[in-house]
Amino acid sequence: MSTISHPLPLGFRWSSVKAGIKASGKPDVALAVCDGGASAAAMFTSNQVVAAPVTVGRRHLAATGGRVSAVLVNAGNANCATGEPGIDACRKSCIAVAEQFGCVFDEIFPSSTGIIGVPLPVEKLIAAIPAAKDALGDTPEHAEAFATAILTTDTKLKVAHASFEIEGRTVNLFGCAKGAGMIGPQLVPHATMLVYLFTDLAVCSEHLAAMLTPAVEGSFNSISIDGDMSTNDTVLLLASGKSEVEAKGEAVPAFEAALRSVCDSLAHAIVDDGEGVTHVVTLEITGARSSAEAQQIARTIATSPLCKTAWSSADPNWGRLLAAAGRAGVAFDPATVTVTIGGLPVFAHGTRDAAFDEDATHAAMSEREYTIHLDLGQAEGKSKFITCDLTHEYVSINADYST
């Protein structure tokens, strides 16, 4: 029985199989197909070192003008820092999928996740494609199988759904994601975070891209587990058009809201399942001169080892917050700053707040989730950023990842 209970977007089929790429022997190849092709928009890592599937995926979207017939994902191997053989392996796998579905290989979108620097066993991947094709289906069980096969160090399935109705027709949006470590995305339009979004809205790729960018900026670009930007980060949005609802009029804001809802849900789920995470911390930075400066401060706090280790033991060491904000490269006057943790006052206008209660603040920080609010007292710029603590378990997982 699938945990996915909402209607899925029309026009897509999903599957997963075992190819023997993951050492665990679990499903490690995921396939999604849109018969007749889908409009596509994607955003990728801004890391200068990128995996072969990112390079090939960019080329394919450019060659087809944003047309995708199938998505092929392998887990257990990132196919990164593998040189020209890695590019060749990626292209061969795309050609193999295209031959199965009678389309040009440029319409196949590849993704990989796993360890960096190990040659991709492409023969295993190609050998699994016929079985993946045979296993395709459009039920919640099939969509869940796809969403499960892409996981690596994740411990939880990450899926989200939204829908809206226009003149008696329903548009559905389904999203799934993977990511638990190596999460500090800074995606640009042109372990790893992979996000796949499927909708049956009728819309061109250019319009999809215009709607995807702000949704990603406020969600996936506003989270961090460890601040390490992956070489493989990808967000892909596909639209089949099968709802016959066109992206115009009231359908546009309705879809933008649905897209933001799904992206927000998946982004939160990624942090909540972070490697070794015991506390999910929402940073709300307000009163900045611009939203960009607010996010700059939020990201600096979110990735500070001193802040993150304090959060792991619920230590209300607010001085670390101020020190991180102060080195973020953003000009502000500490005399205008106020800070609350879990709604409790800790700092105001240059010194510890007179109402600061260390025990009460410790109790608030002992909860699984809480919010830290820092107001700069300058202007209207703001940022909401989701992050987490840094624990011994995170170190243990990543100290032995390649062995």
Determine whether the side chains of Thr231 and Asn47 contain a donor N or O and an acceptor N or O closer than 3.5 Å. no
Applying ring pair (Phe, Tyr, Trp, His ring centres under 6.0 Å), can you list everything that pairs with Phe347, at least two apart in sequence or on another chain? Trp318
Applying salt bridge (Lys or Arg N to Asp or Glu O under 4.0 Å), which residue pairs with at least one partner in residues 19-43 are found, sequence neighbours left out? Arg13-Asp35
Ser383 and Gln295: side chain donor to acceptor below 3.5 Å: no
Return the set of residues passing ring pair (Phe, Tyr, Trp, His ring centres under 6.0 Å) with His161 (not counting sequence neighbours), or none when no residue passes. His6
Do the ring planes of Phe164 and Phe255 sit parallel (below 30°), tilted (30 to 60°) or perpendicular (above 60°)? perpendicular
Could you pull out all donor-acceptor pairs under 3.5 Å where a side-chain atom in residues 197-208 meets a protein atom, sequence neighbours excluded?
residue	atom	partner	partner atom	Å
Thr199	OG1	Asn172	O	3.0
Thr199	OG1	Leu201	N	3.3
Asp200	OD1	Asn172	N	2.9
Asp200	OD2	Leu10	N	2.9
Ser205	OG	Gly65	O	3.1

In short, ring-ring contact (aromatic ring centres under 6.0 Å, His included) pairs touching residues 47-81 with sequence neighbours left out are His60-Phe105
Could you note down all residue pairs passing salt bridge (Lys or Arg N to Asp or Glu O under 4.0 Å) where residues 126-153 supplies at least one of them, sequence neighbours left out? none
Kindly write out the residues that satisfy salt bridge (charged side-chain N to carboxylate O under 4.0 Å, His left out) with Arg289, not counting sequence neighbours, or none if the list is empty. Glu293
Please check if the number of heavy atoms outside Glu380 that lie under 6.0 Å from its CD is greater than 12. no
The criterion is side chain to side chain contact (heavy atoms under 4.5 Å, CB included); which residues satisfy it with Leu8, sequence neighbours excluded? Ile4, Trp14, Pro140, Ala143, Phe174
Looking only at heavy atoms, which two atoms of Asn221 and Arg299 are closest? And how far apart? O-NH2, 2.8 Å
Find the distance between CD1 (Ile270) and CD1 (Ile223) and round it off to the nearest 0.5 Å. 4.5 Å
Before you tell me yes or no, could you show the steps for Arg368 and Asp272 under salt bridge (Lys or Arg N to Asp or Glu O under 4.0 Å), namely the whole-Å CA-CA distance, both residues' side-chain angles and the distance that decides it to 0.1 Å? CA-CA 9 Å; Arg368 171 74 179 181; Asp272 189 51; 2.9 Å; yes
Is any side-chain heavy atom of Asp357 less than 4.5 Å from a side-chain heavy atom of Leu344? no
Under the ring pair (Phe, Tyr, Trp, His ring centres under 6.0 Å) test, which residues partner Phe385, sequence neighbours left out? none
Enumerate the residue pairs fulfilling ring-ring contact (aromatic ring centres under 6.0 Å, His included) with a member in residues 285-313, sequence neighbours excluded, ordered by first and then second residue. none
Mind checking salt bridge (charged side-chain N to carboxylate O under 4.0 Å, His left out) for Glu256 and listing every partner two or more places apart, or none if nothing turns up? none
How would you list, by chain and number, every residue that makes a salt bridge (charged side-chain N to carboxylate O under 4.0 Å, His left out) with Arg260, sequence neighbours excluded? Asp264
Pairing donors with acceptors under 3.5 angstrom, does anything connect the side chains of Asn232 and Thr113? no
Short side-chain donor-acceptor distance under 3.5 Å, Thr286 and Asp375: yes
